[in-house]
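Structure, as structure tokens:
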Amino acid sequence: MRLLLMSDTHLPKRARQLPEPLLEAIPRADVVVHAGDWVDTDTLDLLESRSRRLLAVYGNNDGPALRARLPEVARAELGGLRLGVVHETGAAQGREKRCAARFPDLDVLVFGHSHIPWDTTAPTGLRLLNPGSPTDRRRQPHCTYMTAAITGGRLSEVDLHRLPPR
């Protein structure tokens, strides 16, 4: 099973549209994951129409229309892997311990908010992934998204993709 992970698209404030390499990757994914801060419902409509399956949450910049359609936390079992999605996890310091305590029922947690790619594993085995942002790199050298695979109930082939400058 192939996953496509993104967060913090902030359309149309940070970009007019999703980058073409990201749009081209959507049909290759079995599940598209978005960890919030969409800003507009058009992007949600687009991903719903192009994704085989969408697992998504709202973020702190998402208004009532998005909050009415999306949960704050999403969970799914995908190929034997227990995956969760949330927008905010708090400060980087202590993140693994905090998230492991809050989400003891998960194998992988995808989050956003910081626009900073993140890939760590808590002592409990919880894998934490932040795909960064495909449209707003902030203090990072590149805009990014992630892909991954699930094989035999395990996460594998986690790749951070750097997008070309706009």
Side-chain angles (χ1 to χ4, degrees), residues 1-11 15 17-38 43-59 70-89 92 95-100 102-138 140-164:
M1 179 178 292
R2 305 285 316 159
L3 305 178
L4 173 64
L5 314 175
M6 70 179 87
S7 186
D8 297 283
T9 47
H10 291 273
L11 294 176
Q17 63 186 29
L18 294 175
E20 200 58 40
L22 179 62
L23 290 171
E24 290 170 2
I26 291 170
R28 294 192 295 269
D30 297 299
V31 181
V32 174
V33 177
H34 192 300
D37 272 5
W38 305 75
T43 306
L44 175 56
D45 294 339
L46 174 74
L47 290 185
E48 283 179 333
S49 71
R50 292 192 182 188
S51 303
R52 292 182 204 169
R53 180 174 180 185
L54 178 64
L55 185 63
V57 298
Y58 67 78
L70 297 166
E72 180 180 8
V73 177
R75 289 177 166 85
E77 185 178 321
L78 303 172
L81 184 86
R82 301 168 302 164
L83 187 132
V85 188
V86 68
H87 183 64
E88 294 187 60
T89 60
R95 178 176 285 142
E96 289 79 7
K97 185 177 179 181
R98 247 186 347 270
C99 290
R102 183 175 173 196
F103 300 103
D105 59 326
L106 297 179
D107 300 310
V108 175
L109 179 66
V110 179
F111 68 97
H113 189 61
S114 68
H115 299 216
I116 299 171
W118 187 277
D119 183 354
T120 58
T121 303
T124 61
L126 174 66
R127 181 98 174 249
L128 296 130
L129 298 174
N130 184 330
S133 170
T135 56
D136 184 12
R137 64 184 180 87
R138 289 211 180 146
Q140 300 305 299
H142 303 280
C143 289
T144 57
Y145 69 96
M146 284 180 171
T147 56
I150 299 172
T151 307
R154 294 185 176 270
L155 193 68
S156 62
E157 302 175 42
V158 176
D159 291 312
L160 181 67
H161 299 270
R162 294 175 175 171
L163 291 160

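Residues: numbered from 1 along the sequence shown. The analysis underlying the following values was restricted to heavy atoms, covering all of them including side chains, and did not include hydrogens, waters or symmetry mates. Since the model is a prediction, treat every value here as computed from it, not as a measurement.
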Whether over 12 other heavy atoms sit under 6.0 Å from Arg98 CZ
yes
Taken to the nearest 0.5 Å, the spacing of Leu78 CG from Leu83 CG works out to 5.5 Å
Would you call Asp8 and Arg138 a salt bridge, using N to O less than 4.0 angstrom?
no
d(Leu126 CG, Glu96 CD) to nearest 0.5 Å is 9.0 Å
Looking at every non-hydrogen atom in both residues, tell me the closest pair between Tyr145 and Leu163 and how far apart they are.
CE2-CD2, 3.7 Å
For Trp118 and Gly112, indicate whether the former's side chain and the latter's backbone hold a donor-acceptor pair under 3.5 Å.
no
One thing to verify: whether Arg82 and Asp107 come together as a salt bridge, which I'm taking to mean a side-chain N less than 4.0 angstrom from a carboxylate O.
yes
Donor-acceptor under 3.5 Å (Arg95 side chain, Thr89 main chain):
no
Given Leu47, which of Ile26, Leu4, Val33 fulfils the side-chain contact (heavy atoms from CB on, under 4.5 Å) condition?
Ile26
Looking at every heavy atom in both Ala76 and Leu55, which two are closest together, and how far apart are they?
CB-CD2, 4.0 Å
One pair to check against side-chain contact (heavy atoms from CB on, under 4.5 Å): Arg2 and Thr147. What are the steps and the verdict?
CA-CA 7 Å; Arg2 305 285 316 159; Thr147 56; 4.2 Å; yes
Whether His115 and His10 hold their rings parallel, tilted or perpendicular, with breakpoints at 30° and 60°
tilted
Between the main-chain N or O of Pro131 and the side-chain N or O of Ser7, is there a donor-acceptor pair closer than 3.5 Å?
no
In this structure, OG1 of Thr43 is separated from CD of Gln17 (nearest 0.5 Å) by 10.0 Å
What's the verdict on side-chain contact (heavy atoms from CB on, under 4.5 Å) for Leu54 and Leu44, showing C-alpha distance, side-chain angles and the deciding distance?
CA-CA 9 Å; Leu54 178 64; Leu44 175 56; 3.7 Å; yes
Minimal heavy-atom distance between Val57 and His87, with the atoms involved, is CG2-N, 3.9 Å
Which atoms form the tightest heavy-atom contact between Val31 and Met1, and what is the distance?
CG2-SD, 4.1 Å
Short question: side chain of Arg52, backbone of Pro27 - any donor-acceptor pair under 3.5 Å?
yes
Do any N or O atoms from the side chain of Ser49 and from the backbone of Leu46 form a donor-acceptor pair under 3.5 angstrom?
yes
Nearest heavy-atom contact between Val73 and Arg102 is CG2-NH2, 3.7 Å
OG1 (Thr120) and CG (Leu128) are apart, to the nearest 0.5 Å, by 4.5 Å
Enter the distance from Thr144:OG1 to Ile116:CD1 here, rounded to the nearest 0.5 Å.
10.0 Å
Between Leu155 and Ile150, does the side-chain contact (heavy atoms from CB on, under 4.5 Å) criterion hold? Intermediate values first, please.
CA-CA 5 Å; Leu155 193 68; Ile150 299 172; 4.3 Å; yes
Please test His34 against Met6 for side-chain contact (heavy atoms from CB on, under 4.5 Å), starting from the C-alpha separation and ending with a verdict.
CA-CA 5 Å; His34 192 300; Met6 70 179 87; 3.6 Å; yes
Let me confirm one number: the CD-CG distance from Glu24 to Leu18, rounded to the nearest 0.5 Å.
12.0 Å
Heavy-atom pair with the smallest gap, counting every atom of Ala29 and Val32
CB-CG2, 4.1 Å
